[in-house]
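Given the structure is predicted, the values throughout are model-derived calculations rather than measurements. In the text below, chain A, chain B and the rest are named by the order of the sequence lines, each starting its count at 1.
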Amino acid sequence: MSEGSVTTRPPPPAPVASAAGWKPSPVLFRLVVLFLALVALFAVLLGHRLFNGAAIRSMAFQLPELGIFALAMMVPLLSGGLDLSIIATANLSALAAAYVFTHFGLGGSGASMVLWHIAALAAAFGVAGLVGLLNGTVIAYLGVSPILATLGTMTMVKGIAVGLTHGGVIAGFPPFMVFIGNGLVFGVPVVLIVFAVIAIPMGVLLTRTSFGQRVTMLGSNLQAVRYSGIDTRRVLVRVYLISALLSALAGLLMMARFNSANAAYGESYLLITILAAVLGGIDPAGGFGKVSGLVMSLIVLQLVSTAANLLNISQFLSLALWGAVLLGVAGVGRVWAWARHFLPKR
Amino acid sequence: MPDFTKRLLHSHEGKLLLVVVVLFVFLSLATRSFFSLQNMIDLLTSYSFSGMLAAGLLVVLISGGIDISFTASASVAQYVAMTVANHFNVGWVEVILIVAAVGIACGLINAVLIGTLGLSSIIVTIATLNVFFGLLMFVTHGNEIFQLPDWFTNGASWVVYTDKQGNPYIFNLQMIGLIGAFVVTALLLTRTNIGRQIYALGSNKDAAQRVGIKVFRLNLLVYGYMGFVAGMASLIQAQDAQSVSPNALVGRELDVLAAVVLGGASLMGGVGTVFGTILGVMLLAFLQNGLLLLGVQSYWSECFTGAVILIAVSALALERQRQRAGIRRVMA
């Protein structure tokens, strides 16, 4: 709360109130209602088949990957941009880590093992950092539209990954990575813990720090921010840097879960992350949106897809349902706004 | 005439033309088979699908919108048409009518949703991409259609010229589709009132509305046209591939977007020409074909394509920045 309220919305409540007197935004409210309706519907249709430990745990395993990718998409969206290169970056980073592991890091023991893990992570985040800097520089300093710049880097980065691996798979990692991808701590999937450890600080970063304020302000009015004396270009470079680093993390999680890395994993996630973010109330034109809304929308999408899976419906129908949910939520919002026009005012 | 050349050289299309010509000459000298009639025919045939879609997408981009869903519309259109063709006694006319109808229907759905939901066109069409594609995969279980009617697989082609060794050079349906799409799009954009309205809408939506342009109706036409072109393109793609696979086309939408943008169309709307789009498609086609003929491993082709896209959009942005600076200097 260091910055004053710069958005046009009512000032956010004090952080301490987030547990007690917390008032949800309309988007969040709508999503919670949707979530409860879906829970009721699936309770009737599926009952214990959906609401048992195993099914919930499988949801908890699947959500974090899309979740971190969606966070990586959310930050540029808030700034009024877009990052199409997240999946390509994730795969190239995972391949970099995989290369380190498979070429150097399998035989060692004890301290050398720890060192190789650090080296692999450094390789992954180093590669992602370069891609992020490239994106940020081209967008901020050359003024290329984010869609086009990241379309170019997406193609190029994937091309590098395909070129180096010839489209092949690198597989076989140390037990620790397998544990990260598939292990449980007190019954909670490690990937979910990783997601929480990332999502909560991201929420704080984006809404409670001056950096976060600058990012959302950029999305509202870039010219105004520049005239108020903020180096918008540096902020933009950081936005794409964060996006790339989050992508690398998601890539590492994918690698850990599959115990392999490839140039083309997870490509269907790309456009889905935009859907998830917009459903979570992030304005695709920039400026508005919260991590809490995004997380809620991820939960809704995951619930739909797991339920569809349990109902023996093809995964593709749940893809269609995801699209329909977004259009439906927007439609209900419009109808509601239109209806309120005619309702008597209180 | 000198005035015309001068203007061409200063336009984006002129510079792009220069790049394409240089690439063409280089590849003709550096490889044995690039500059041959057969290679040109192969290129025209294999890039007919992306080329046609690029023509349709150009119209959408000029209107200030964007469409991501056209690959899904195309997949639905060709699947429906070929299923009907396999089960009923129909011919070319019926099949063409079916792909046109399905494509236009998908386009109109997009236009209506964009006009009523208050969401941007990119979000709506990402959603409809998933809806169209998801439903198609659900209904078809992802099954491919391998057996197509003979009259369709035989297609229609005309031997134009036979060389001394007896190799025939043919003019085929793919070329007709490609040329047709570019000609119709060029006529629509430059020779009709509607074309002027599309440019006006993309340049300044509010102003267009104030001078009496019906935005919703114009959007129906723009996205309907995109759907129509997608339907036609899907038909000639199925004819070329000799089979229909529901998931063969989805995923290529961003490649088409890249070609149109290389051709100088702006995502902000109001800017773009058919000539530029043709050059954009040619640049990518020559590049990919040339790398292969130069003996570069095909694994690296995507990397080069990405680098070219990145360099081209950066050059374009710098050019616009300089123009804007020039305007500011004049205004001051």
Could you give the distance from OG (A/Ser260) to CE (A/Met254), rounded to the nearest 0.5 Å? 9.5 Å

A/Ile160 portion near chain B, given a 4.5 angstrom heavy-atom threshold: both

Does the side chain of A/Ile274 reach to within under 4.5 Å of the side chain of A/Pro284, using non-hydrogen atoms? no

Portion of A/Leu321 that has a non-hydrogen atom of chain B nearer than 4.5 angstrom: neither

Closest approach of A/Leu95 and A/Ala161, non-hydrogen atoms and distance? CD1-CB, 3.7 Å

Heavy atoms only, distances under 4.5 angstrom: which of B/Val261, B/Ile309, B/Val131 has the most pairs with chain A? Name it, please. B/Val131

Would you enumerate the inter-chain donor-acceptor pairs between chain A and chain B whose distance is below 3.5 Å?
| residue | atom | partner | partner atom | Å |
| --- | --- | --- | --- | --- |
| A/His166 | NE2 | B/Gln297 | OE1 | 3.4 |
| A/Arg334 | NE | B/Thr116 | O | 3.1 |

Would you check if B/Met137 and A/Leu319 make a side-chain contact, meaning some heavy-atom pair closer than 4.5 Å? no

Quick check on B/Leu136 against chain A: is it the side chain, the backbone, both or neither that has a heavy atom closer than 4.5 Å? neither

Honestly, the part of A/Leu134 sitting under 4.5 Å from a heavy atom of chain B is side chain

Applying side-chain contact (heavy atoms from CB on, under 4.5 Å), name anything that partners B/Leu119, two or more places apart in sequence or on another chain. A/Val278, A/Ala330, B/Leu117, B/Ile123, B/Val124

Given the options B/Leu129, B/Val308, B/Leu267, B/Leu113, which has more heavy-atom pairs under 4.5 Å with chain A than any of the others? B/Leu267

How close do B/Val20 and B/Leu279 get, counting heavy atoms only, and between which atoms? CG2-O, 3.9 Å

Does any backbone or side-chain atom of B/Ile68 lie under 4.5 Å from a heavy atom of chain A? Answer side chain, backbone, both or neither. side chain

With a 4.5 angstrom heavy-atom cut-off, is it the side chain or the backbone of A/Val162 that approaches chain B, or both, or neither? both

On a heavy-atom basis, the closest approach of B/Leu23 and B/Leu283 is CD2-CD1, 3.8 Å

If I compare all heavy atoms of A/Ala277 with all of A/Leu294, which pair ends up nearest, and what's the gap? CA-CD1, 3.5 Å

Please identify which of these residues, A/Leu82, A/Val144, A/Leu84, meets the side-chain contact (heavy atoms from CB on, under 4.5 Å) condition with A/Leu151. A/Leu84

